[in-house]
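To start, the structure under review is shown below, and the notes come after it.
Predicted, not measured: the structure shown is a model, and the values here were computed from it.
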Protein chains: 2
Amino acid sequence: MARVSIKSIAEVLGVSTATVSLVLNGKEKEGRVSKDVAEKIRLKAKEMHYEPNNLARGLRMGCSQTIGLIVADISNLFFANLAFHIQEHAEKYGYSVIITNTNESDLKLEKMVNVLKSRQVDGFIIVPTEHGMPYVETLVKRNIPTVLVDRNFAEIKAGAVVVDNYHASAKAVKSLIRQGCRNIGLIIYKSRLQHMRERKRGYIDAITEHGFYNPDFVKEINYSTISNDIPIAIESLLLKENRIDGIFFATNTLSMLGIKQLMNMNRRIPEDLKVVCFDKSDAFDFMDIPIPYIFQPLPEMGRIAVELLVEQIKEPSGERKCVELQASLVNSPVNN
Amino acid sequence: MARVSIKSIAEVLGVSTATVSLVLNGKEKEGRVSKDVAEKIRLKAKEMHYEPNNLARGLRMGCSQTIGLIVADISNLFFANLAFHIQEHAEKYGYSVIITNTNESDLKLEKMVNVLKSRQVDGFIIVPTEHGMPYVETLVKRNIPTVLVDRNFAEIKAGAVVVDNYHASAKAVKSLIRQGCRNIGLIIYKSRLQHMRERKRGYIDAITEHGFYNPDFVKEINYSTISNDIPIAIESLLLKENRIDGIFFATNTLSMLGIKQLMNMNRRIPEDLKVVCFDKSDAFDFMDIPIPYIFQPLPEMGRIAVELLVEQIKEPSGERKCVELQASLVNSPVNN
DNA sequence: CTGAAAGCGCTTACAG
DNA sequence: CTGAAAGCGCTTACAG
């Protein structure tokens with residue numbers, strides 16, 4: 001069963017491929033194709049089960065109607081949700097999404113950028129890795145539509161949609177202070193990425209403002225050795241610095257493992273110490289009391305990422321917008 | 001900055017595009033291209049930052065090195081994990097993965113099959129919807145490589161990789177019986193899909209074997225009204241049939257919501273009643289006691305799905321294998 | 001060892 | 001209103 005192409009339809013009907021193409025793309029007005037020819041073509045196309053070949057179309061048009069999405073790890077709930085919303089919106093614009101993982105490796109980011117480029121994606125939505133700036137920069141310099149999400153590189157002016165991590169973090173810490181915490185630990189990744197730096201800065205500034213800052217209370221975890229590092233960090237916070245009465249976890253994975261460790265050590269939340277987490281985890285539903293967390297507007301982030309990218313695709317040399325969204329504090333016993 | 005193609009390299013070097021293509025694809029042996037010409041071409045390609053155009057290649061070769069993955073919902077942890085492993089393996093074979101969601105809608109399944117077909121994917125990995133069989137059947141009949149995963153349609157012989165849901169379910173129920181449960185509820189989706197039918201059948205057979213079967217203990221939930229149905233189902237199980245001493249949850253979403261409801265009603269696990277869940281949820285880590293659950297070998301499922309698909313792509317008219325994996329019971333206080 | 005040419009399926013000026 | 005033709009970038013017989 002040979003593939004049915006525009007040519008086969010044209011031959012059967014004794015018309016030119018140009019006419020068939022025009023009709024099948026709804027451009028019969030422009031080509032001013034007669035109504036009956038158009039009707040005949042549409043019927044025959046259906047009858048022959050014509051299916052357009054987007055590869056050929058893409059080659060000819062110089063665009064693929066495909067978006068390349070690069071995230072750290074699609075099996076992480078945060079990125080999975082983000083990917084979901086990006087996809088739903090991309091679909092509305094007629095784009096398909098190719099999703100790839102970096103697992104936070106700069107090498108894989110480079111590789112994935114190349115893979116997606118060779119697939120002629122019309123644009124990139126990227127959650128960059130720690131030292132991934134050069135690869136993103138190359139894209140931007142070549143005017144390839146690119147939107148960063150979750151983490152921005154302010155130095156290069158790619159498009160971006162991020163959360164105001166600084167104020168979100170400060171908000172979290174202040175809520176702990178307002179609950180009476182004085183010695184507040186921070187569990188965060190050791191990372192040069194902007195969102196981590198901002199979360200740390202938000203924590204430090206908010207705490208310093210109240211005169212409670214102590215560098216020993218900041219524990220920086222290595223992404224690659226996380227399950228090992230977390231218990232050590234928590235133990236050190238609680239045992240050595242046993243005045244700790246609150247902990248701010250800077251990501252959902254960190255909170256998951258951290259809270260687990262707190263439970264292992266029989267610390268009760270919020271009696272023994274209070275916590276706030278960045279991002280929700282399903283697990284919070286199972287806790288006896290509601291766990292306060294910073295809520296990032298994921299559906300919005302996905303939508304805006306797609307919208308910014310589509311704008312760039314339309315006008316590759318136009319200015320690239322950077323959108324910052326506010327995150328909210330949920331489940332906190334104190335008002336904001 | 002014009003795109004650099006094989007042609008531009010050929011022109012600069014004064015050789016033919018055929019030679020360039022041969023060299024860049026490592027087929028210089030076949031074409032018996034001289035070493036120095038080959039070397040010159042490789043150097044110039046690097047120098048000009050040549051990047052192959054996979055669209056053109058795909059059009060010419062009749063394949064795209066792309067796999068279409070259709071899942072119910074990429075933001076569900078089960079599918080997100082599955083997608084992760086599928087991707088990692090696809091990459092090894094040089095395939096990219098386009099992921100799309102159906103949200104359990106048959107209409108969207110049909111649409112996504114068409115979208116992916118027009119993108120000339122070389123094969124499909126599909127988590128089918130309840131009434132999605134016709135769309136899958138069309139693919140199979142046309143000899144388009146297709147592997148079903150998680151849920152099989154036994155009637156059509158697509159390739160498939162599934163878990164032995166029947167025995168997994170029976171195993172779960174028997175573990176409850178061995179712990180002394182006599183009145184065991186089942187919370188399951190109302191669905192004609194094979195995996196659900198099998199899980200229900202496994203439950204019924206295992207329970208009947210011990211003479212404890214009571215149809216009132218089976219609560220079938222509608223996917224679309226789940227957050228409403230679950231509390232009602234649990235309440236009805238516990239209040240009307242208050243001899244209930246165990247519950248088997250047939251999916252992770254059902255267990256999440258179900259256990260939450262049990263906690264709302266102040267039922268303690270396992271003192272007041274015992275539970276077993278299908279699939280792990282992150283939340284289990286936060287429970288005071290370990291929650292027993294059926295573990296599906298996701299990494300294996302992903303790997304095998306890709307392997308089966310690659311086999312089919314190599315030999316589209318060959319026999320399509322169907323692999324059934326065993327799931328294990330984790331965290332149960334009784335041995336298996 | 002290398003080149004000229006055809007063709008994958010499509011769209012788009014151009015000509016009539 | 002419609003057709004002939006070029007060309008997107010690639011690969012692959014074919015010829016020499």
| Pairs flagged by salt bridge (Lys or Arg N to Asp or Glu O under 4.0 Å) wherever residues 304-317 of chain B is involved - sequence neighbours left out | Arg303(B)-Glu307(B), Glu311(B)-Lys321(B)

| Quick one: ring pair (Phe, Tyr, Trp, His ring centres under 6.0 Å) partners of Tyr223(A), sequence neighbours excluded? | Tyr189(A)

| N/O (side chain, Ser34(A)) to phosphate O (OP1/OP2, dT2(D)) under 4.0 Å | yes

| note | Here the pair of heavy atoms bringing Val163(B) nearest to Glu324(B) is C-CG, 4.0 Å

| query | On DNA chain C, nearest-nucleotide positions of Asn53(A) versus Thr19(B): which is more 5'? | reply | Thr19(B)

| query | With Gln87(A), which of Ile99(A), Val306(A), Leu69(A) fulfils side chain to side chain contact (heavy atoms under 4.5 Å, CB included)? | reply | Ile99(A)

| query | OP1, OP2 of dG9(C) versus side-chain N and O of Thr17(A): anything below 4.0 Å? | reply | no

| remark: Taken to the nearest whole Å, OH/Tyr50(B) to P/dG9(D) is 10 Å

| request: Give the nucleotide from the list dC10(C), dA5(D), dC10(D) with an atom nearest to the side chain of Ile6(B). | output: dC10(D)

| request: Please report, rounded to the nearest Å, how far the P atom of dC8(D) is from the CD atom of Glu51(B). | output: 18 Å

| Hey, which of these two, Ala38(B) or Met61(B), hits DNA chain C nearer its 5' end, going by closest nucleotide? | Ala38(B)

| request: Could I get the full list of side-chain hydrogen bond (donor to acceptor under 3.5 Å, both in side chains) partners for Asn152(B), not counting sequence neighbours? | output: none

| Rounded to the Å, how far apart are Glu11(A) CD and dG3(D) P? | 13 Å

| Euclidean distance, atom CG of residue Leu22(B) to atom P of dA4(C) [Å, nearest integer] | 15 Å

| request: With sequence neighbours excluded, tell me which residues meet side-chain hydrogen bond (donor to acceptor under 3.5 Å, both in side chains) with Ser5(A). | output: Ser8(A)

| query | Roughly, in whole Å, what's the span from NZ in Lys7(B) to C1' in dC8(D)? | reply | 10 Å

| To the side chain of Ala56(A), which of dG9(D), dC10(C), dA4(D) is closest? | dC10(C)

| Separation of dT12(D) P from Leu59(B) CG (nearest whole Å) | 13 Å

| said: Just to be sure I understand the rule, does Ser5(B) reach a base, reach only the sugar-phosphate, or reach nothing, if contact means heavy atoms closer than 4.0 Å? | reply: sugar-phosphate

| remark: Taking pairs as Watson-Crick (N1-N3 plus N6-O4 or O6-N4) or G-U wobble (N1-O2 and O6-N3), each distance under 3.5 Å, the stems of three or more consecutive pairs with DNA chain D are C:1-3 with D:14-16, C:5-12 with D:5-12, C:14-16 with D:1-3

| So what does Asn25(B) touch, heavy atoms closer than 4.0 Å: a base, only the sugar-phosphate, or nothing? | sugar-phosphate

| Separation of Ile41(B) atom CD1 from dT2(C) atom C1', in whole Å? | 10 Å

| Atom NZ of Lys117(A) and atom C1' of dG9(D): how far apart are they, to the nearest Å? | 17 Å

| query | So, do Ile126(B) and Leu139(B) sit near enough that their side-chain heavy atoms are less than 4.5 Å apart? | reply | yes

| Do any side-chain nitrogens or oxygens of Ser16(A) fall under 4.0 Å of OP1 or OP2 in dG3(D)? | yes

| message | Can you identify which nucleotide, out of dT2(D), dA5(C), dC10(C), has its nearest atom closest to the Ala18(B) side chain? | response | dA5(C)

| query | Can you name the residues that form a side-chain contact (heavy atoms from CB on, under 4.5 Å) with Met133(A), not counting sequence neighbours? | reply | Phe153(A), Glu155(A), Ile156(A)

